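Note on naming: letters A, B, ... go to the chains in the order of the sequence lines (proteins, then strands), and numbering restarts at 1 for each one. Please read all numbers here as calculations on a predicted model, not as lab measurements.
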Amino acid sequence: MHWPDQPNEFNPFENNNSNNGIPPFLDGLNEPQQQAVIQTDGPVMIIAGAGSGKTRVITYRIAYLLQKGVDAFQILALTFTNKAAKEMRNRIESVAGRQAKNLWMGTFHSIFARVLRQEAERIGYPSNFTIYDTEDSKSLLKTIIKEMNLDDKVYKTNMVLGRISMAKNNLLEAHHYLQKDDLIAQDTAASRPKFAEIFSEYTKRCFKAGAMDFDDILLNTYKLLNNHLDVCNKWQHKFKYIMVDEYQDTNHVQYMITKKLAAVNQNICVVGDDAQSIYAFRGANIQNILNFERDYPEVKIYKLEQNYRSTKNIVNAASSVIKNNKKQLEKEVWTANDEGDKIKLIHNSTEGEEARKVADYITEIKLREHFPNKAFAILYRTNSQSRAFEEALRRQGLDYKIYGGMSFYQRKEVKDLLSYLRLTVNPTDEEALKRVINYPGRGIGDTTINRLILLSSQHGVALWDIVKSARSFPELSTAIPKLENFALMMQSFMAMLESNNAFDVATHVAKQSGLLRLLYEDKSVEGVSRYENITELLNGIQQFTEDDESEKEKTLPNFLEEVALYTDEEKDKDQNRDTVSLMTIHASKGLEFPVVFIVGLEENLFPSQMALHSRAELEEERRLFYVAITRAEQKLFLNYATSRFKYGSLIPCEPSRFIEEIDSKFLDMSIVPKKPTFDEDFDGFGGGNFGGGYSGNRGGGNYGNRQGGNRGNNSGDKSNAGGYIQRNSMGNGKKPGDSDKPTKPSTLLQPKRPTSAPLPPADPNFVEGDLSELKVGDRVQHQRFGTGTVQSLEGNFQTGKAVVLFDHVGEKTLVLKFAKMRIL
DNA sequence: TACTAAGCTCTTTTT
DNA sequence: GAGCTTAGTA
C-alpha cells in the first residue's frame, strides 16, 4: 500500500559518476527501463504495458538528455492530453529543475499552434488566427447547411463535422475531396451528395474568418512542413530529439508530422501500448504503432512488461479481458506485487442504488483503512453518468470533484466574453461576431444578421468588413446606425490591444460591451452565478497576466490561445481539497488510485451501444475496459445496475459482456444481488404506459430517451400518471455470453421513435395560487404533477426555486416564478 | 424585434 | 435534462 507517500525522485545532477554506462541516478529503474532511457539516439520504440512506469521512463530519458548537455529547446515531447503534458512537465521539473521550462512539451495541438503562429503567413493565415472549438465549427456548419438550403435532417452537423474531421485527419482536403469521384459517388449513394460542397464551403469560410478548427491545426502544420522546404528544414534541425507519448493514439496527420520532423536526425522515440489505444473514434490509428518497425528498420524496441501499479489479481483479470482482442502486439504484462483482493462484483437494481452502494463502500473503506478521499476514483463511460454519484456522495458528506464534462470555458457567459475578446483580436472571426453582435441586445436582429451574411458572401469579404462600413449598404436601412455604433465600440477595443495587457483589455471589454452590467443586473440565481463566472474569468486573465513563471508575453492573443487548447486545465484554486475523483475512463488514462470503482457496467452502456456495430469498435471498448481495470492500485469494484430509471420509464439492462469476459477466478462474487427495489429511486414523472413498450429494445436507450412506450394521449392518462412501475419484460432474454459475435443493437426491432412529449398533461381547469408565502413543509398542488410537499426553498418569488416532493412523481426543482402551483 | 412557453431532438470518448 | 426550434404574443 503506497498511500499517501510518493516515490522519491532522484536528482540526476547530484552524482554524475557513471558505472558500466548506467548513471547512478537510474538505479531506481529496472533493466529494460534503464536501457530505454540511455538509448537516446536513433529510432526507439517503447512498448509499455499498463502501469509499467512509462511516464517515469520518459521523464528520466529527458533528464538524461539534459544531463548529457542537450539544450532543452532542442527537445520536443508530444503528449495527447493536457493532463499528461502537465504531469510530465511537473515530473521533469522535479528531476531536472528549471531547464525543463525550455522544453517544447505539450499536446500536439498546443505545440503546433505555437509553430503555426510563427509561420502563419507562409500558408496565408494571419498570425492572430482564431481557433474554433467544436461549438464554433458546428455553428458554422449549421449556417452553411441552411444557406445551401439543405435538409438538416439529412446533413446533421455532427455527422458532417465528423466526416470532415476524418477526412482532414487523413490529409484529405476539401479540394481533393471534390475531385474524388469515388468518394462523391459514395456520398451520393449514402444520399448526401452535397457533402463535398459543404466541406469545401466550410474550409473557405474558416479561412476567410482567419480561423482554424482543431483538425486544421494539424493539417496546416503538415502542409506547412510539406510545402515549404525552408520552414521544414528549420524545424527539423531545431528539434534534435523527439518523443511521442501514447503513440498508439496518434492519427495519420500526427504520424506524418512526427515522421517529417524526425526525418533529418532520426532521433525519435515513441512510447505506447496497443492495448491502451482508446481514441480510434477520433482517427487514432493503431497501425501507426504496428508500422513503426517498417518505417524505421533500425529501430530499437524495448518492452516494459512489469506492472508496478496493481495487484496480481487486477493485472490478470485485465489481461483475461484484453486477450479476447484479435489484433495485438505480443506482450506479457506481469507484476511482482501481492496477490491482492479479488475484484468485487456488485450487482444493483437501479442507478440510484448503485450510487449509494459506492458511497457506502467508500465510507466503509475510509473508516477501516484510514484512506483519504483522494484515494478513491469512480470511473464511468459517459459524463452524464456522474449525476447519481454526485448526489450519493453529497448525502454521505464525501467531498468529490468531477473532472471533464462541461468545462468552465464552454459556459455560455464565459464564451460570450471570450467571443468579444476573440473578435477584438481577430475581427474577421465570423462565429465570434455572430455571437456578440446583438448581445447584449442592440436591436440588431436576425433579419439584419442574415442580410449581413448575404452581403459578405456577395462581396467576398468578411462579415466584419460589412459591419464596419454599414453606411455603404443602404439595404441595411434602420440597422445602419446600430451597426456603426457596434463597429465603433469594437474598434475602440482593438485600439487597446497594442499597449495593454490581457487583463486590462478584458476588463475594459467586459465593462464597455455592457456584458458585465447585463449580468450584474440579473439577480436571479442563475444570473448571479453567471456574473460570478465572468468575474472568475477576469480573475483568471489577471492571474495569467501576473504569472511570472511563463515566458510568454501577457497579451490577449496568447491568453486566448491557452483557453482554446487547454480546455481541461483545472482552475486550481482548490487543488488541495481532499476529494473523491469522478471521471470518464478516457479521462482517467495515466492516473492511478488505490481504490477504483468502475460503474455502469451494463450492456449497451459500457460497451457503448455505438461500439457494437463492428468488431473493431468492440475491441476498442475492450481496451478501454482494460485501461479502466488496471487503473486500480489495490482494490477494484465493478458495479452494474440491471435497470435504470429515466423519465419514469424503467429501462432493463443486462450486465456488461465484459464482466463475463473476466476469468471468474479473479472475481469475488460474494456480494449477492439484492432484490430489486423500485420504489425509492423514481425521480422522473410518469406519463407512460409501461406495459406496452416495445419489446426487444433491451434498453436501447440507456441514455434516457423518452421511451416510455406508447404513452397515453395527452388528455389525462390518469391511470398511470403516477408512474408506478412494474417490472416488465422488455429484454430479449439474451444473455451476454450467448453469442461470440457482437450483439447488434436491435435497431431493426425498434419502432419509430415515439414522438410523444414527456410532460404529464396539465390540468386545464387549474387555477394558480399566490406563492409569495410559500414555506417549507407546505402542501401544494401543481397543474401537472399533482400534490406534493415543499422540501426546500431558495430565493424569493421572483428569483427563487423550490424543491417539491410530489406524491406520485417524485422530487422536482421548480423555478417559482414559472411554477404553476397553489398552496393547499 | 424580443420574449416566452411548448415541443422536439439528441445524448461516447477529446483536442 | 439540455439545447434548440417553433409558434404565439407583446
Applying ring pair (Phe, Tyr, Trp, His ring centres under 6.0 Å) to A/Tyr279 and not counting sequence neighbours gives A/Phe80, A/Phe281, A/His586
Inset, instruction - For the residue pair A/Phe112 and A/Phe108, categorise the inter-ring angle as parallel (less than 30°), tilted (30 to 60°) or perpendicular (more than 60°). - result: tilted
Taking OP1 and OP2 of B/dT9, is either one under 4.0 Å from a side-chain nitrogen or oxygen of A/Lys156? no
(Q) So, does A/Asn383 get its side chain near the phosphate of B/dT13, meaning an N or O under 4.0 Å from OP1 or OP2? (A) yes
- Check every strand shown and say whether A/Lys589 touches a base, only sugar-phosphate, or nothing at a heavy-atom separation below 4.0 Å. nothing
Q. Are any of the side-chain nitrogens in A/Arg623 or A/Asp274 under 4.0 Å away from the carboxylate oxygens of its partner?
A. no
Of the listed B/dT11, B/dT14, B/dT15, the closest approach to the A/His586 side chain comes from B/dT14
Between CD of A/Gln385 and P of B/dT13 the distance, given in whole Å, is 9 Å
When rounded to whole Å, the CG to C1' distance for the pair A/Leu161 and B/dT11 reads 16 Å
Please list, for nucleotides 1-3 of chain B, all pairs of protein and nucleotide N/O atoms separated by less than 3.5 Å.
residue, atom, partner, partner atom, Å
B/dT1, OP1, A/Thr447, OG1, 2.6
B/dT1, OP2, A/Gly445, N, 3.2
B/dT1, OP2, A/Thr448, OG1, 3.2
B/dA2, OP2, A/Asn438, ND2, 3.3

Cation-pi, A/Phe129 ring and A/Arg117 (6.0 angstrom, 45 degrees)
yes
From NZ of A/Lys146 across to C1' of C/dC4 the rounded distance in Å is 10 Å
Atom CD of A/Glu246 and atom P of B/dT14 are separated, to the nearest Å, by 14 Å
Whole-Å distance, A/Tyr279 OH to B/dT15 P, equals 6 Å
(Q) According to a cutoff of under 5.5 Å between the ring centres and under 30° between the ring planes, does A/Phe281 stack with the base of B/dT13? (A) yes
In terms of side-chain geometry, is the basic nitrogen of A/Glu431 or A/Arg435 positioned less than 4.0 Å from the acidic oxygen of its partner? no
Give A/Phe108 one of three labels, base, sugar-phosphate or nothing, depending on what nucleic acid heavy atoms sit under 4.0 Å from its own.
nothing
Rounded to whole Å, CG of A/Leu116 lies from C1' of B/dT15 at a distance of 14 Å
Judged by nearest nucleotide, the residue sitting upstream toward the 5' end of DNA chain B, A/Glu621 or A/His109, is A/Glu621
Atom CD1 of A/Ile164 and atom C1' of B/dT15 are separated, to the nearest Å, by 17 Å
Picking from B/dT13, B/dT15, C/dT5, the nucleotide nearest the side-chain atoms of A/Thr584 would be B/dT13
Between NZ of A/Lys138 and C1' of B/dT15 the distance, given in whole Å, is 14 Å
Within a strict 4.5 Å, meaning less than it, do heavy atoms of the A/Val271 and A/Met243 side chains meet? no
Does A/Lys412 make a cation-pi contact with A/Tyr439 (under 6.0 Å, within 45 degrees of the axis)?
yes
When A/Glu617 and A/Ser110 are each assigned the nearest nucleotide of DNA chain B, the 5'-most assignment goes to A/Glu617
